[in-house]
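Written out below as structure tokens is the structure these notes cover.
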Amino acid sequence: MKVAKNIFSFLKRALDAHPIIFFCVLSVVENFIIESMSRHSVIAGFEHVFETPVVFFYNSLIIMLTLSFSLLFRRRVFGVVLLSAPWLICGLINSVVLTYRVTPLGAIDFQVAKLSLILMYLTKPQRIMLYFAVGFLLVAIVALWIVGPKISGKLSYGRNVASIVGVLAAVLVATGVAHSISAVSTDFGNLVGAYNNYGFVYCFSSSMIDTGINKPDGYGEEKTAEILAQFSGNESLQQGVKPDVILIQLESFLDPKTIRDMSFSDDPAPIHTYLRERFSGGMLSVPSFGGGTANTEFEVLTGINLDNFGPGEYPYKTIMLEETCESLAYNLKEQGYSAHAIHNHTGNFYDRDKVYPRMGFDSFQSKEYMYDFETTPYGWCKDKVLTEEIMTALTYTDEEKGVTADNPRFVWTVSVQGHGAYPSEPIAGSDNVIKIQSDNFTPQELCALQYYINQVWEMDMFLGSLISALEERGKPTLLIAYGDHLPSIGLEAQDLTTNDAYVTEYVTWNNFGLEKNVRDLRTYELAGEIMRMLGYNNGNLTKLHQLKNSENSPLDEETYQKQIAYLAYDMLYGDNMQFGGVKPFEKTDMRMGTRPITADSIKVMGDSLYLQGTGFTEKSKVFINGEKKSTTMLSQYSLMVSGVTLSEGDEITVGQSSSKREVLSYSNPIIYNEEEHFVPEENDVVAQ
């Protein structure tokens with residue numbers, strides 16, 4: 001207690017007499033702690049200070065600006081702690097995040113992350129420590145407010161506001177100087193490198209305020225017409241056949257044979273080997289490493305380079321919640337296709353349930369609509385379930401939505417089985433079909449790799465089963481599969497035969513005689529290449545990518561990138577000049593679930609309700625007048641609710657609940673009628 005009083009006394013004197021000096025010292029100390037945590041090393045923290053002193057002290061100045069607002073607090077010690085805590089907490093979270101993935105923490109992570117997902121990465125002792133730390137912090141803040149010392153004398157708001165403005169001016173001047181000498185930059189093409197070079201505080205701050213695509217120089221009708229004029233005379237080379245198109249993004253997938261100096265008991269990805277040898281494919285440069293699935297799929301579906309957005313931004317969490325956008329789905333729908341999305345994880349993760357309608361999809365089958373699937377030891381849905389889901393999307397009909405037996409389908413599929421975490425010691429439930437050996441990794445790393453590689457083998461087997469089903473079906477089909485990013489499993493560029501941690505691979509399969517063509521691509525070029533393979537060139541971004549990748553292309557790389565940014569800005573933030581001022585992409589009335597979930601009939605016995613219908617899963621819940629009831633799933637065709645009393649005219653529906661307790665969709669309603677629906681005898685009720 002005496003020590004605490006002495007500390008409070010010292011802090012009170014320092015904050016009374018020399019608050020600005022105190023803020024200077026404290027901001028330097030905090031920044032050093034944050035950078036050391038980011039690098040998982042105090043020594044590396046010191047190296048950062050001495051190697052990039054301008055960057056280090058510039059970041060410290062940003063923290064100092066935050067601390068200066070405590071001048072407005074009469075309980076100034078409380079204010080300092082309150083304003084210091086967010087930086088230190090973010091630094092700690094970043095340190096933890098970097099143990100599981102390569103991409104550092106950005107402001108957008110707080111929108112994307114779910115507590116359940118975060119806890120999945122932590123061991124039980126780590127979760128207990130997290131709960132304890134949060135509880136301790138809350139108690140400490142409340143205690144400081146109660147017992148923390150107040151400043152002496154009257155609080156001079158005018159002088160203190162002037163001090164804050166002075167620190168702000170210093171930050172603005174320092175920002176200009178830092179940019180002019182290239183100590184920091186707004187170009188975050190490599191997010192990992194940017195955080196290392198420019199410091200966590202600057203980069204994280206930038207991720208909070210720098211979003212979207214900047215207005216291009218010369219934006220206007222003349223420049224738009226100049227870009228569009230390049231595409232004249234570039235006609236489609238449409239083939240006679242319109243095949244079904246299946247595009248699969250495989251979570252954290254790489255061919256393990258690209259890991260240097262590692263031996264395997266058998267080929268860990270034999271289907272990929274087969275496809276690589278016989279069909280078109282190539283290496284694929286992806287925008288992230290160890291995470292960022294939604295950003296890879298954004299580039300693939302839209303053809304827009306993510307580098308044009310703010311640092312660490314997820315367009316799915318920003319502009320794509322507001323605007324429609326040219327996409328592979330919209331472009332194929334112009335050719336008579338229907339478009340269907342499938343993901344064996346929750347439908348609202350990355351807000352896909354809200355974004356996909358703005359990309360042109362007609363239906364979205366997420367995990368909530370899947371029945372009888374297996375999971376990994378970490379709870380991720382295994383990809384084998386996707387074979388049946390994809391075949392359903394290719395074969396079902398819906399005359400009301402124009403999905404007929406004759407029209408071609410585009411099926412976009414995002415897998416999840418390869419997702420981390422990866423164990424550092426053997427865990428129950430892991431079948432190691434593939435055994436590995438290597439002298440380049442520690443026993444803990446080999447354990448993680450053993451687990452991961454066997455997940456990859458199962459994912460590869462899923463592709464094999466899908467191809468077998470497609471061959472048996474016999475309808476012309478083009479299949480493309482690729483890895484969204486490398487796993488966060490300790491692999492570095494030097495561990496890979498590609499010598500690049502931002503490169504995966506895409507492979508294809510078809511049954512209608514496409515010529516084999518090996519071409520390395522960037523993810524935002526893949527859709528244009530798929531359209532070329534099909535003989536289509538509709539869509540301005542499609543035309544731009546095809547022009548750049550054509551023989552004797554008139555576009556150099558700099559012009560190409562500027563034009564991608566220009567068309568994307570015009571489409572998402574500008575005046576849609578490329579479309580004559582009216583964007584042609586209308587948000588679709590997308591249905592959740594490939595096939596509708598139906599409520600066909602109800603029977604009531606005593607206080608129990610039995611509901612018959614189709615398509616029920618564990619996520620199906622009965623709602624009575626909009627209120628969710630505790631529901632027991634009896635089968636895919638029957639649900640039961642106990643302890644209810646219904647009144648004439650009550651509305652009963654079935655809703656599919658997501659992990660956020662949101663309802664993704666409702667069935668058709670049934671209106672309760674006692675004469676029709678009440679069954680007095682128990683033996684009259686048969687659960688189908």
Side-chain angles (χ1 to χ4, degrees), residues 187 189-190 213-214 216-239 245 247 279-287 295-296 298-309 325-328 330-332 334-335 478 480 482 498 500 502-508 510 514-572 574 576-579:
D187 181 9
N190 183 332
I213 302 174
N214 295 328
D217 294 336
Y219 178 70
E221 293 183 2
E222 183 177 345
K223 182 65 175 177
T224 304
E226 178 186 328
I227 293 174
L228 297 181
Q230 302 172 115
F231 308 146
S232 61
N234 184 18
E235 302 298 331
S236 293
L237 300 173
Q238 185 173 340
Q239 304 187 28
V245 178
L247 181 54
F279 298 94
S280 297
M283 305 313 294
L284 190 67
S285 295
V286 296
N295 279 348
T296 299
F298 171 80
E299 286 200 346
V300 168
L301 287 172
T302 66
I304 299 173
N305 186 349
L306 196 70
D307 289 350
N308 295 312
F309 290 86
C325 179
E326 178 185 329
S327 71
L328 185 57
Y330 279 122
N331 289 340
L332 286 174
E334 285 185 23
Q335 300 294 338
L478 172 63
I480 309 98
Y482 67 92
T498 60
D500 193 335
Y502 288 84
V503 168
T504 62
E505 182 184 19
Y506 74 98
V507 293
T508 70
N510 74 88
L514 280 181
E515 181 182 351
K516 180 178 179 180
N517 180 35
V518 177
R519 175 175 289 177
D520 295 342
L521 299 169
R522 291 166 283 198
T523 43
Y524 51 83
E525 297 172 319
L526 183 57
E529 176 66 8
I530 293 171
M531 294 288 282
R532 184 199 66 77
M533 295 168 72
L534 296 169
Y536 306 139
N537 76 338
N538 53 299
N540 289 333
L541 284 165
T542 295
K543 292 174 181 176
L544 178 61
H545 295 312
Q546 291 180 353
L547 180 63
K548 176 63 172 66
N549 289 321
S550 64
E551 292 186 19
N552 304 315
S553 173
L555 293 175
D556 58 43
E557 182 65 18
E558 182 180 359
T559 302
Y560 172 54
Q561 294 297 339
K562 286 182 177 179
Q563 291 187 3
I564 294 174
Y566 188 100
L567 293 175
Y569 173 84
D570 179 59
M571 188 187 310
L572 294 174
N576 292 293
M577 293 182 187
Q578 60 189 297
F579 308 118

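- Taking 4.5 Å as the limit, every side-chain heavy atom of Thr302 sits out of range of all side-chain heavy atoms of Leu541.
- A heavy-atom distance below 4.5 Å is not found between the side chains of Leu514 and Phe279.
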Under the side-chain contact (heavy atoms from CB on, under 4.5 Å) rule, what do Asn540 and Glu326 come out as? Steps first, then yes or no, please. CA-CA 8 Å; Asn540 289 333; Glu326 178 185 329; 4.1 Å; yes

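- No more than 12 heavy-atom neighbours from other residues, nucleotides or ligands sit within 6.0 angstrom of CD on Glu222.
- Atom CD1 of Ile213 is separated from atom CG of Asn308 by 5.0 Å, given to the nearest 0.5 angstrom.
- Note: Leu301 CG to Cys325 SG = 9.5 Å, rounded to the nearest 0.5 Å.
- Relative to the six-membered ring of Tyr560, Lys548 meets both conditions, a distance below 6.0 Å and an angle of at most 45° to the axis.
- In this structure, Ser553 contributes its side chain and Asn549 its backbone to no donor-acceptor pair below 3.5 Å.
- Ser327 has its side chain out of reach of Leu332: every pair of non-hydrogen atoms, C-beta onward, lies at least 4.5 Å apart.
- For Glu299 against Ile304, the heavy-atom pair with the smallest separation is CG-O, 3.3 Å.
- From Asn305, atom CG reaches atom NE2 of His545 across 8.5 Å, with rounding to the nearest 0.5 Å.
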Mind running side-chain contact (heavy atoms from CB on, under 4.5 Å) on Thr504 and Met283 for me, showing each step along the way? CA-CA 6 Å; Thr504 62; Met283 305 313 294; over 6 Å; no

Verdict with reasoning, Thr523 to Leu284, per side-chain contact (heavy atoms from CB on, under 4.5 Å): CA-CA 6 Å; Thr523 43; Leu284 190 67; 3.8 Å; yes

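- Every ring-ring contact (aromatic ring centres under 6.0 Å, His included) that Tyr566 has, sequence neighbours left out, goes to Tyr219.
- The closest side-chain heavy-atom distance from Thr542 to Tyr536 is not below 4.5 Å.
- With 3.5 Å as the limit, one finds no donor-acceptor pair spanning the side chains of Glu529 and Gln546.
- By the 4.5 Å heavy-atom criterion applied to side chains, Leu526 and Tyr506 are counted as neighbours.
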Check against side-chain contact (heavy atoms from CB on, under 4.5 Å), Asp307 and Gln561: CA-CA 10 Å; Asp307 289 350; Gln561 294 297 339; over 6 Å; no

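- Every residue two or more places apart in sequence or in another chain that forms a side-chain hydrogen bond (donor to acceptor under 3.5 Å, both in side chains) with Asp556 is listed here: Thr559.
- Within the 4.5 Å cutoff, the side chain of Val286 has no heavy atoms near those of the Tyr482 side chain.
- Without hydrogens or angle criteria, Asp520 side chain to Gly282 main chain gives no donor-acceptor distance under 3.5 Å.
- The CG atom of Leu555 sits 9.5 Å away from the CD1 atom of Ile227 when rounded to the nearest 0.5 Å.
- Side-chain contact check for Phe231 versus Asn537: every heavy-atom pair is 4.5 Å or farther apart.
- The residues Lys562 and Glu226 are annotated as not salt-bridged, no charged nitrogen and carboxylate oxygen being separated by less than 4.0 angstrom.
- Remark: Thr508 OG1 to Lys516 NZ distance equals 9.0 Å, nearest 0.5 Å.
- With rounding to the nearest 0.5 angstrom, the OG atom of Ser280 is 7.5 Å from the CZ atom of Arg532.
- The two residues Ala565 and Pro216 have their closest heavy-atom pair at O-CG, 4.5 Å.
- The closest side-chain heavy-atom distance from Asn295 to Phe309 is not below 4.5 Å.
- Pairing each heavy atom of Gly303 with each of Ile564, the nearest pair is O-CG2, 4.0 Å.
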